[in-house]
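One structure below.
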Amino acid sequence: MTRSELIERLAEQQQQLSVKDVELAIKAIIEQMSQSLANGERVEIRGFGSFSLHYRAPRIGRNPKTGESVSLAGKYVPHFKPGKEMRDRVNNSV
């Protein structure tokens, strides 16, 4: 599901809201979550899961095209851990 598909589905379910209102709400939620992660904070949505940052230490990588060794800097990457309720729901539906 893409962001635009999510907006369309929510607008269909919430007919009292315009598509523009749903779009603004979705964009605001995503922006707040992104900003919290950028500030190093953890985002937890009960029943859904949590987003946090994991640190990847600096390492020596390899350029796949040339095989040349490349020094890669350490970095933080976003990580999602599903909540138990969502994990169970997905496992029961597939």
Side-chain angles (χ1 to χ4, degrees):
M1 175 186 297
T2 65
R3 182 183 358 199
S4 58
E5 290 170 344
L6 175 63
I7 291 167
E8 286 175 19
R9 286 189 194 180
L10 288 175
E12 287 171 9
Q13 292 174 357
Q14 305 294 326
Q15 294 183 351
Q16 73 277 13
L17 298 174
S18 70
V19 174
K20 201 71 179 166
D21 290 339
V22 173
E23 185 178 355
L24 285 172
I26 297 293
K27 282 184 178 178
I29 291 168
I30 291 172
E31 177 57 30
Q32 285 299 311
M33 291 174 67
S34 298
Q35 191 59 49
S36 293
L37 285 172
N39 292 336
E41 298 172 24
R42 183 173 179 265
V43 177
E44 180 177 335
I45 301 171
R46 294 282 166 138
F48 183 72
S50 62
F51 297 88
S52 60
L53 297 177
H54 282 193
Y55 181 70
R56 290 198 179 151
R59 64 183 176 93
I60 303 295
R62 195 165 292 281
N63 182 334
K65 210 170 195 178
T66 63
E68 182 179 313
S69 292
V70 178
S71 178
L72 300 172
K75 62 181 176 181
Y76 285 94
V77 294
H79 174 76
F80 175 73
K81 182 178 179 184
K84 183 181 182 320
E85 192 176 320
M86 186 172 107
R87 229 179 18 244
D88 292 344
R89 191 171 176 176
V90 169
N91 284 333
N92 291 334
S93 65
V94 177

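Heads up: numbering here begins at 1 and tracks the sequence. We use all heavy atoms of the structure for the numbers below, so side chains are in, but hydrogens, waters and symmetry mates are not. What you see is a predicted model, and the numbers here were worked out from it, not measured in a lab.
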From K81 atom NZ to H79 atom NE2, the distance as rounded to the nearest 0.5 Å: 7.0 Å
Atom CG of L37 and atom OG of S52: how far apart are they, to the nearest 0.5 Å? 8.0 Å
Apply salt bridge (charged side-chain N to carboxylate O under 4.0 Å, His left out) to residues E23 and K27 and explain how you reach the verdict. CA-CA 6 Å; E23 185 178 355; K27 282 184 178 178; 3.4 Å; yes
So if you build clusters from Ile, Leu, Val, Met, Phe, Trp, Tyr with side-chain heavy-atom gaps below 4.5 Å, do V43 and F80 land together? yes
Would you check if M33 and I45 make a side-chain contact, meaning some heavy-atom pair closer than 4.5 Å? yes
Rounded to the nearest 0.5 Å, what separation is found between the CD1 atom of I7 and the CG atom of L24? 9.0 Å
Should the pair E5-R9 be classified as a salt bridge under the 4.0 Å nitrogen-to-oxygen rule? no
Distance in Å, I26 CD1 paired with L10 CG, rounded so as to fall on 0.5 Å steps: 5.0 Å
Atom OH in Y55, atom NZ in K75: separation rounded to 0.5 Å? 11.0 Å
Output for pair (L72 CG, R59 CZ), nearest 0.5 Å, gives 5.0 Å
Let me see the working for I30 and R3 under side chain to side chain contact (heavy atoms under 4.5 Å, CB included), right down to the final yes or no. CA-CA 10 Å; I30 291 172; R3 182 183 358 199; 4.2 Å; yes
Where is the tightest heavy-atom contact between I60 and S69, given as atom of each residue plus distance? CG2-CB, 4.0 Å
Going through the checks in order, is the side chain to side chain contact (heavy atoms under 4.5 Å, CB included) test met by Q35 and E41? CA-CA 9 Å; Q35 191 59 49; E41 298 172 24; over 6 Å; no
Provide the closest heavy-atom pair for S50 versus R42 in the form atom of the first, atom of the second, distance. OG-NH2, 3.3 Å
Quick one: do M86 and L6 end up in the same hydrophobic cluster if we chain Ile, Leu, Val, Met, Phe, Trp and Tyr together by side-chain heavy atoms under 4.5 Å apart? no
